[in-house]
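All values below were derived from every heavy atom in this structure, side-chain atoms included, with hydrogens, water molecules and symmetry-related copies excluded.
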Number of protein chains: 2
Amino acid sequence: MSHENLRSLFQLVVRHYGLLNEQCCDQCCGQDVSVQQSHILFEVGRQHHPSMRDIANTLGVDITTFSRQVKSLINKGYITKTPHPDDQRIQILQLTEKGAQLEKDIDQYMNESLDQIFSQLNEDERQTVTYSIDLLNKAMRSV
Amino acid sequence: MSHENLRSLFQLVVRHYGLLNEQCCDQCCGQDVSVQQSHILFEVGRQHHPSMRDIANTLGVDITTFSRQVKSLINKGYITKTPHPDDQRIQILQLTEKGAQLEKDIDQYMNESLDQIFSQLNEDERQTVTYSIDLLNKAMRSV
DNA sequence: CCAATTATTTGTAAAATGCAACTAATTTAA
DNA sequence: TTAAATTAGTTGCATTTTACAAATAATTGG
């Protein structure tokens, strides 16, 4: 079976979403973090007391690259790294207040961008698309 | 309005689709092209006699980086660069036979991956999702 | 208590990135 | 018509990103 439309959508998302983030970094947070780093902020904010490996696995990036990205985000004051009380090997990541604020700004920018996409649709279409997004989310997560 | 699910799906797509491509390059074409380069092949194959700038703009990458990626793909024998007959500044890109074959292999791999996602859905859901994908494609392209 | 495992970091070398400056072809406008 | 401006693409260079190996450090299992 050919999934040209889905592949095309994904390609579009990969590029535009990356692009969006890049524009966002220029526009809303003055180039201070990269796209990759904005994904890290997003996940650290969303997960509960995640370790280095938790986030690296979720994002599907090499742990060594991730380690250096985290170092950079710590230097910029957006996240902190604290050894787990029960296992000193594990480093728990957390957004700083500054990091949480940045993630909030990025989130707002993203929502405005996604509003633009949704504003192209009528109410029925919006409902159908929203429902399908849930389905796709679940399907992708269970593969 | 908050689009947490859509943002989440996009994040997932950005990561997994990139990942997918990376796995694909390992598995189906022996690491010979990068993710970025596979996107170039995809677009060169899809557009009609595109120029350097056409593809770079579509992909949202810097033209200087793109220029070097193209050089690499030419060296590997996947694409060709021909001056436009009416304007010698413009270079027209085209897949070689080898490049078209590689893109076909990648496409097949992608379709199999997307089949896996779709196999999580029942027939009704599949139809709804397919319809929504069309809507989203159109909405995103018109923003 | 020592070997094996797990989490993370660093060494290093290759690749990707993007700004600035360049060449070359074409268009514009006096 | 011809010099200035514009456009397409390339290269120099410095920075960042990447990922494999190897190291360190903490923990677990036998």
Q: Distance check, rounded to the nearest 0.5 Å: A:Ile74 atom CD1 versus A:Lys81 atom NZ?
A: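 Going from CD1 on A:Ile74 over to NZ on A:Lys81, the span is 4.5 Å.
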
Q: Could you tell me whether the phosphate oxygens of C:dT17, OP1 or OP2, come under 4.0 Å of any side-chain nitrogen or oxygen in B:Gln69?
A: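 Yes.
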
Q: What nucleotide, of D:dT27, C:dA7, D:dT18, holds the atom closest to the side chain of A:Asp87?
A: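 It is D:dT27.
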
Q: Looking at A:Lys104, I'd like to know if its NZ atom is crowded, meaning that more than 12 non-hydrogen atoms belonging to other residues, nucleotides or ligands lie closer than 6.0 Å.
A: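 Not buried by this count: 12 neighbours or fewer within 6.0 Å.
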
Q: A:Gln91 CD to D:dT27 C1': how many Å, rounded?
A: 14 Å

Q: Please state how far atom CD1 in B:Ile63 lies from atom P in C:dG18, giving the value in whole angstrom units.
A: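 After rounding, the gap between these two atoms is 12 Å.
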
Q: Would you mind telling me which residue lines up with the more 5' stretch of DNA chain D, A:Gln88 or B:Lys71, judged by nearest nucleotide?
A: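 Its nucleotide being nearer the 5' end, the pick is B:Lys71.
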
Q: Does B:Ser67 contact D:dG9 through a side-chain donor or acceptor facing the base, at a distance under 3.5 Å?
A: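 Donor-acceptor pair under 3.5 Å: no.
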
Q: Identify whether any heavy atom of A:Ser72 sits under 4.0 Å from a base atom; if not, whether one sits that close to sugar-phosphate; answer base, sugar-phosphate or nothing.
A: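 The residue A:Ser72 makes no contact with any strand.
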
Q: Does A:Arg89 contact C:dT6 through a side-chain donor or acceptor facing the base, at a distance under 3.5 Å?
A: yes

Q: Which sits closer to the 5' end of DNA chain C, B:Gln36 or A:Ile90, going by the nucleotide each is nearest to?
A: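 On the 5' side of the pair lies A:Ile90.
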
Q: Would you mind telling me which residue lines up with the more 5' stretch of DNA chain D, A:Asp86 or A:Asp62, judged by nearest nucleotide?
A: A:Asp62

Q: Take the protein atom NZ of A:Lys81 and the nucleotide atom P of C:dA7, then report the distance between them rounded to whole Å.
A: 15 Å

Q: Exactly one of B:Ile90, B:Ile92, B:Val70 should register a side-chain contact (heavy atoms from CB on, under 4.5 Å) with B:Met52. Which one does?
A: B:Val70

Q: Check the side chains of B:Gln116 and B:Glu112 for a donor-acceptor pair under 3.5 angstrom, ignoring hydrogens and angles.
A: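 There is no such pair between these side chains.
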
Q: Between A:His84 (NE2) and D:dA26 (C1'), how many Å, whole number?
A: 13 Å

Q: Rounded to whole Å, please give me the gap between CD1 in A:Ile92 and C1' in C:dA7.
A: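 For the pair A:Ile92 CD1 and C:dA7 C1', the rounded distance is 11 Å.
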
Q: Rounded to the nearest Å, what distance is computed from the CG atom of residue A:Leu73 to the C1' atom of nucleotide C:dT8?
A: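 After rounding, the reported distance stands at 16 Å.
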
Q: Find the distance B:Arg68:CZ to D:dT10:C1' and express it as a whole number of Å.
A: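 Between C1' of D:dT10 and CZ of B:Arg68: 8 Å.
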
Q: Please determine whether side-chain hydrogen bond (donor to acceptor under 3.5 Å, both in side chains) holds for the pair A:Asn75 and A:Ser72, giving the CA-CA distance in whole Å, both sets of side-chain angles, and the decisive distance to 0.1 Å.
A: CA-CA 5 Å; A:Asn75 285 340; A:Ser72 161; over 6 Å; no

Q: For B:Asp54 and D:dA8, what is the distance between atoms CG and P respectively, to the nearest whole Å?
A: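 After rounding, the gap between these two atoms is 9 Å.
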
